[in-house]
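Take a look at the structure below.
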Amino acid sequence: MTIPTFKDIDFGEIDANAEHLMALLRRGIPMFERAFVPPPMQNLDRFKQHEKFLIYGQKGTGKSAVLRHLEAHSVKAGYRTDYIIFKDNVSEESDLFESGILSPVSEQDVLKIRHYLHIMKRMLLLKFLYLMIAEKGERVAGELDAAAPFLGKVMEWFKNSTLSDVSSYAIRTAFDLASSVKKDEQEGLRSIDFGKLLKGQNDTLLKSLVAQAKKESFKAVIFVDEIHFSFKDNESYRQDAMLVRDCIAAALNLNETFIRNGVTCFVQVAVRSEFLEHPVIAQAEIQNQIHSFGEPIDWSSEKYDEKSRLWGFVLARVKLEDSRVTSRQFFDNYVGNGRATSLLEHTWSKPRDLIRFFNVAKRRYPKKTNLDKADFDSVIKEYSIEAWRELRTALSSFLNESALLRLEEFLGENAHRNYNHTPFKKEDLVDFLMGVKSEFDNNLDVGLVLGLLYILGVLQMRSEMAGGTIFNAYHRANLQPKWDWEIYMHPAVAKRFS
């Protein structure tokens, strides 16, 4: 049997949201949906039934793909949906198709207002109202208009706006409200708590939404993805953690209200698990709700061999091209007999890593079905270069360009340590970081930067025990680094700089 060559196979994209948008432009179905592989979650069906609301996991574990899968399921079940990508700017795929859109909302605008919980609730409530009016029509808008003067202004704005405008409108009106309160205080007209005023307006929105949604049997789900989280300095770190915490709280609070009142509206959220370790979230009361209504996507327990479920992502895509390809043929040809462990050790145990590897193989050797050792090494090298670009982007959040260049020079000078088994000591790393400390953005603490190099996957540790080599790495679910163990670069980082 002749099996497909690399160029015959569509391996998809490393980012589910990018893949989704490309499919929208083509008016097709995204690859992750066509070749959906259930992630290591026990309760995916409970998410589909809206009994659970929060998905968390490390970057690249497949959170966005699952959230998009839930969105597709909700659409088929007759729900209105909206999908918010909360990165540096709030953006939505509707931006691609609608004209007359306001400027994207900078997340810094949300942070400036500081009442994050009320701002997030306001944004979500306005989106639900917009979706309901879009489905039910002017009659519902008229009934809401009559409910309160504030709602009348909202309904009037909705008439000439699009769904993707709503995020901007929610934040802009909060700014206007804050400015009005401040002006009144300066002129001695009144003294009022802005947070209470904002909450009061939200309560009006929520009460009207619940009443009208029950009356109209309205069904909708809003998905919130990729909440931005920076490491620029300790205060920004704390503020972003508060934003993540309050976004989760807003979603859970609204869901609780909807369920209690028999309303079929829900909010489902995906966040990176490392954010949940910040004391602002880890020590908050919301932790119990996170564990009750959330579930992680965690590949850390997968074996580093052919038995890993990670391979299923790639094999499913190969089978779309030729369903006759067996698992054995897949490993003997596309991976290479005996190379499964080596390839997985160059990953961070994430589906996106394998997709990246096979896309590189497709570019370099399109007509082949099998990689010999030289081919494999060549693909690993290019894959490692691409993986470092992604890491470098993450590092640039807290290291300026000069410090990044110094770090790359340091890694290049020390990549040999991975191959001649001469590990770093913690003191080696501290000495280097102290030497470039003046170039950290906002003068970050050396200990924090060292910890972030571990969390982001630049560094990992290992120790030789009686039962063999024991690894200590963040992507292997070791939240705390063992600085007294042997310290090495991640194999792909070492390959990039070797």
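A donor-acceptor contact shorter than 3.5 Å is absent between the side chain of Asn478 and the backbone of Gln480. A donor-acceptor pair under 3.5 Å links the side-chain atoms of Gln268 to the main chain of Phe47, judged by distance alone. Using a distance-only test at 3.5 Å, with no hydrogens or angles considered, a donor-acceptor pair links the side chain of Arg417 to the main chain of Pro423. At least one donor-acceptor pair closer than 3.5 Å links the side chain of Asn359 to the backbone N or O of Gly12. Although no hydrogens or angles enter the test, the distance criterion places no donor-acceptor pair under 3.5 Å between the side chain of Arg496 and the main chain of Ser384. The main-chain N or O of Tyr474 is found under 3.5 Å from a side-chain atom of Gln58 such that the two form a donor-acceptor pair. Using modelled atom types, no side-chain atom of Ser378 and backbone atom of Ala374 make a donor-acceptor pair closer than 3.5 Å. Side chain of Asp82 to main chain of Ile222: no donor-acceptor pair is present (N/O by atom type, distance under 3.5 Å, no hydrogens or angles). Between the side chain of Thr341 and the main chain of Tyr304, a donor-acceptor pair closer than 3.5 Å is present. Of the possible polar contacts, one joining the His490 side chain to the Thr347 backbone as a donor-acceptor pair under 3.5 Å is found.
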Any chance you could lay out the ring pair (Phe, Tyr, Trp, His ring centres under 6.0 Å) test for Tyr383 and His346, step after step, and finish with the verdict?
CA-CA 9 Å; Tyr383 153 86; His346 281 82; 7.4 Å; no

Go through it in stages, so that I can follow the logic: the residues are Leu343 and Leu354, the test is side chain to side chain contact (heavy atoms under 4.5 Å, CB included), and I'd like the CA-CA distance, side-chain angles, deciding distance and then a yes or no.
CA-CA 8 Å; Leu343 175 49; Leu354 291 180; 4.0 Å; yes

Go through the steps for His73 and Glu33 under the test side chain to side chain contact (heavy atoms under 4.5 Å, CB included), then give the verdict.
CA-CA 10 Å; His73 174 81; Glu33 194 65 26; over 6 Å; no

Can you check ring pair (Phe, Tyr, Trp, His ring centres under 6.0 Å) on Phe53 and Phe293, steps first, answer last?
CA-CA 6 Å; Phe53 312 116; Phe293 295 107; 5.6 Å; yes

Applying side chain to side chain contact (heavy atoms under 4.5 Å, CB included), run through Tyr334 and Ile9 and close with a yes or a no.
CA-CA 11 Å; Tyr334 302 109; Ile9 303 166; 3.8 Å; yes

Applying side chain to side chain contact (heavy atoms under 4.5 Å, CB included), run through Ser342 and Phe376 and close with a yes or a no.
CA-CA 10 Å; Ser342 177; Phe376 180 81; 3.9 Å; yes

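Ion pairing between Glu382 and Lys495 fails under the 4.0 Å rule for side-chain N and carboxylate O. Note on Glu321 versus Lys7: no salt bridge recorded, every NZ/NE/NH1/NH2 to OD/OE distance being 4.0 Å or above. Using a 4.0 Å cut-off between a side-chain N of Lys or Arg and a carboxylate O of Asp or Glu, Lys381 and Asp377 do not qualify as a salt bridge. Between Arg68 and Glu19, no side-chain nitrogen of the basic residue sits less than 4.0 Å from a carboxylate oxygen of the acidic one, so the salt-bridge criterion is not met. Between Glu295 and Arg46 there is no salt bridge, since no side-chain nitrogen of the basic residue lies less than 4.0 Å from a carboxylate oxygen of the acidic one.
With sequence neighbours excluded, the residues satisfying side-chain hydrogen bond (donor to acceptor under 3.5 Å, both in side chains) with Asn420 are His416, Thr422. Not a single ring pair (Phe, Tyr, Trp, His ring centres under 6.0 Å) links Trp483 to another residue, sequence neighbours left out.
Counting heavy-atom neighbours within 6.0 Å of Lys48 NZ, excluding the residue itself, gives a total above 12. Heavy-atom neighbours of Lys59 NZ from other residues, nucleotides or ligands within 6.0 Å: above the threshold of 12. The number of heavy-atom neighbours closer than 6.0 Å to CD1 of Ile29, taken from other residues, nucleotides and ligands shown, is 12 or below.
Residues Asn414 and Tyr488 are not in side-chain contact: their nearest non-hydrogen atoms beyond the backbone lie 4.5 Å or more apart. The shortest side-chain heavy-atom distance between Ser349 and Leu344 does not fall under the 4.5 Å cut-off. Side-chain atoms of Glu386 and Ile14, non-hydrogen and from C-beta on, never get closer than 4.5 Å to each other. Side chains of Leu479 and Ile455 form no contact here, defined as non-hydrogen atoms less than 4.5 Å apart. Looking only at side-chain heavy atoms (C-beta outward), His50 and Tyr79 come within less than 4.5 Å of each other. The shortest distance between side-chain heavy atoms of Ile487 and Lys426 falls below 4.5 Å. Within the 4.5 Å cutoff, the side chain of Leu407 has heavy atoms near those of the Phe432 side chain. A heavy-atom distance below 4.5 Å is not found between the side chains of Asn418 and Phe497.
Here the OG1 atom belonging to Thr81 is positioned 11.0 Å from the NZ atom belonging to Lys127, to the nearest 0.5 angstrom. Atom CZ of Phe424 sits about 5.5 Å away from atom CG of Leu429, to the nearest 0.5 Å. Going from atom CG of Leu54 over to atom NZ of Lys63 covers 11.0 Å, rounded to the nearest 0.5 Å. Summarising the geometry, atom CG belonging to Leu320 is positioned 5.0 Å from atom CZ belonging to Arg34; distances are rounded to the nearest 0.5 Å. Atoms CG and CG, from Leu456 and Leu395 in turn, are 5.5 Å apart once rounded to the nearest 0.5 Å. Leu405 CG to Phe410 CZ: the interatomic distance, rounded to the nearest 0.5 Å, is 15.0 Å.
Contact detail for Asp305 and Ala340: the closest heavy-atom pair is C-CB, 4.2 Å. For the pair Thr257 and Leu206, the tightest heavy-atom approach, listed with the atom from each and the gap, is CG2-CD2, 3.9 Å. The minimum heavy-atom distance linking Val267 with Ala251 is given by the pair CG1-CB, 3.7 Å. For the residue pair Gly60 and Arg352, the shortest heavy atom distance occurs at CA-NE, 3.2 Å.
Note on residues 453-480: no pairs pass salt bridge (charged side-chain N to carboxylate O under 4.0 Å, His left out), not counting sequence neighbours.
Using a 3.5 Å distance cut-off with no hydrogens or angles, the side chains of Ser402 and Asn400 do not pair a donor with an acceptor.
The ring-ring contact (aromatic ring centres under 6.0 Å, His included) with Phe313 is formed by just one residue from the set Trp299, Phe358, Phe330, Phe357; it is Trp299.
Using a 30° and 60° split on the angle between ring planes, Phe128 and Phe258 fall in the perpendicular class, above 60°. The aromatic rings of His291 and Tyr56 lie perpendicular to each other, with more than 60° between the two planes, well past the 30° mark.
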